[in-house]
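Each remark here refers to the structure printed beneath this line.
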Amino acid sequence: MSGTAARVDARLPIRSDRDLVWLRQHVRQAAALLGFSLVEQTKLVTAASELARNTLVHGGGGELRVEQVTEGAAQGLRLTFSDQGPGIADLEQALRDGFTSGEGLGMGLGGARRLVHAFSIDSTPGVGTVVTVTSWAARPPRPREGRS
Amino acid sequence: MSDGFLSAGTGAVPVLKLGDVLLVTLPGDLHDGLAEQLQQDIGEAIVRHRVGGVVIDISGVEIVDSFLGRVLAEIAAGARLLAARTVVAGMRPAVALTLVELGLTLPGLRTALSAGAAVELLGGPDVVRPADRRRGDG
Ligand SMILES: Nc1ncnc2c1ncn2[C@@H]1O[C@H](COP(=O)(O)OP(=O)(O)O)[C@@H](O)[C@H]1O
Ligand SMILES: [Mg+2]
């Protein structure tokens, strides 16, 4: 699996909306490599897009760390978004659907949480925010020949 | 006003005029700045070319997040104020499933399964008379 990890594991900057495009592509390719179905890929990439935009817009920029995770035969992807921005004083409020401190729809945090298997957020006002999500492929990746 | 490409030069998003309808085909992944530019371009094109409908073909779009969802909803709302109707066409099934789970059902957006069906819904490319447009409304 080390060959896969080399193409999955990465640290990606989140400094511009073009970085978001590149980041979505990387997450999709990594998820496909680990055997995520099309729907699973789409959910994870959408969650990543929401969280990365938060890092950029609310956190003033930061980075995404992508890691392959394995549990028995199960393959997963862990995404960690971190910034040194203003942080979130009231997490419960921030997670509520429709709450925005800006001009967004306020669906990003709550929506991303619904789209992944595990979600955690660690934020300290004045220090920054770290959001970690993990999703798993429902089936192990198949060998290339093994199309059915 | 003749049919054809209108803004292939200004951005990466081609806007095609087909009779009374603007056909906008979104690329697989567009960055936020381009999406906002598109919103502006479509509004201007509606007025300049006096079209009664806008079809946004998203069959190539891999994900719709809350940002793009908001842009699509705002394009439709803006077009409505300019007396044009908007249909979002060709959403991929995986995108639709994901949007529901995200919590975005975009109630103000009309949808069609394909760009062709969307053009039909708007009265067809050859129907230019506003009276016909009104009758088909609803
Ligand atoms: N990385 C972050 N740094 C600081 N504040 C954040 C961050 N992510 C989210 N927030 C806060 O949580 C709120 C809700 O986020 P979200 O649900 O994505 O909605 P939106 O981005 O549309 O405002 C934001 O408006 C912002 O106040
Ligand atoms: Mg957000």
Side-chain angles (χ1 to χ4, degrees), chain A residues 14-29 31-32 36-58 61 81 94-100 102-117 119 133 135 138, chain B residues 10-13 25-41 43 56-78 86 88-109 111 113:
Chain A
I14 304 174
R15 298 272 164 221
S16 71
D17 55 2
R18 282 163 204 272
D19 287 343
L20 298 190
V21 174
W22 168 235
L23 176 153
R24 287 191 288 259
Q25 282 168 9
H26 182 87
V27 172
R28 178 176 289 277
Q29 279 162 16
F36 282 62
S37 71
L38 186 58
V39 170
E40 290 168 332
Q41 289 172 36
T42 304
K43 288 182 180 180
L44 186 60
V45 175
T46 304
S49 185
E50 293 293 347
L51 297 171
R53 186 174 291 98
N54 283 353
T55 300
L56 179 67
V57 173
H58 304 300
F81 302 82
L95 278 159
R96 199 177 305 142
D97 280 353
F99 172 81
T100 178
E103 295 168 359
L105 292 178
M107 299 303 291
L109 275 184
R113 180 162 66 169
R114 285 188 289 274
L115 289 171
V116 298
H117 293 135
F119 179 100
V133 301
S135 278
Chain B
T10 57
V13 181
T25 305
L26 297 195
D29 197 334
L30 71 173
H31 64 78
D32 297 1
L34 193 56
E36 279 173 337
Q37 180 64 43
L38 182 69
Q39 195 172 347
Q40 209 174 311
D41 288 352
I56 304 176
D57 184 346
I58 63 165
S59 59
V61 172
E62 295 184 340
I63 66 141
V64 176
D65 60 14
S66 66
F67 179 84
L68 186 54
R70 185 184 60 147
V71 167
L72 291 174
E74 285 180 0
I75 287 173
T86 304
V88 171
M91 183 182 291
R92 296 181 181 188
V95 170
L97 274 174
T98 300
L99 271 179
V100 170
E101 216 157 304
L102 187 63
L104 277 191
T105 50
L106 302 171
L109 277 188
T111 56
L113 287 180

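All chains are named by letter (A, B, ...) in the order of the sequence lines, taking the proteins before the strands, and each is independently numbered beginning at 1. Quick caveat, the model's predicted, so the values are computed rather than measured.
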> Hey, which of Asp17(A), Asp97(A), Leu20(A) has the most heavy atom pairs under 4.5 Å with chain B?
Replying inline: Asp17(A)
>> I need the minimum non-hydrogen distance between Thr46(A) and Val64(B), along with the two atoms involved.
In response: CG2-O, 3.8 Å
> So which part of Arg53(A) gets closer than 4.5 Å to some heavy atom of chain B, the side chain, the backbone, both or neither?
Replying inline: side chain
> Take atom CG in Leu113(B); do more than 12 heavy atoms of anything else shown fall under 6.0 Å from it?
Replying inline: no
> Side chain, backbone, both or neither: which part of Ala47(A) has an atom under 4.5 Å from a heavy atom of chain B?
Replying inline: neither
> Any side-chain heavy atom of Glu103(A) sitting closer than 4.5 Å to one from Arg70(B)?
Replying inline: yes
> Tell me, side chain or backbone of Leu115(A) under 4.5 Å from chain B's heavy atoms, or both, or neither?
Replying inline: both
> Does any heavy atom of chain B fall under 4.5 Å from the side chain of Arg28(A), the backbone, both, or neither of them?
Replying inline: side chain
> How close do Thr98(B) and Val39(A) get, heavy atom to heavy atom, and via which atoms?
Replying inline: OG1-O, 4.4 Å
>> Looking only at heavy atoms and a cut-off of under 4.5 Å, which of Gln25(A), Glu40(A), Lys43(A), Arg113(A) has the most pairs with chain B?
In response: Lys43(A)
> Roughly how far, to the nearest 0.5 Å, is the CD atom of Glu101(B) from the CZ atom of Arg114(A)?
Replying inline: 8.0 Å
> Between Met107(A) and Ser66(B), what is the shortest heavy-atom contact and its length?
Replying inline: CB-CB, 4.4 Å
> Which atom pair, heavy atoms only, marks the closest approach of Glu50(A) to Leu102(B)?
Replying inline: OE2-CD2, 3.7 Å
>> If you compare all heavy atoms of Thr42(A) against all heavy atoms of Glu62(B), which two are closest, and at what distance to 0.1 Å?
In response: CG2-O, 3.7 Å
> For the atom pair CG (Asp32(B)) and OG (Ser16(A)), what is the distance rounded to the nearest 0.5 Å?
Replying inline: 9.5 Å
>> Please classify the contact between Leu30(B) and chain A as side chain, backbone, both or neither, with a heavy-atom cut-off of under 4.5 Å.
In response: backbone
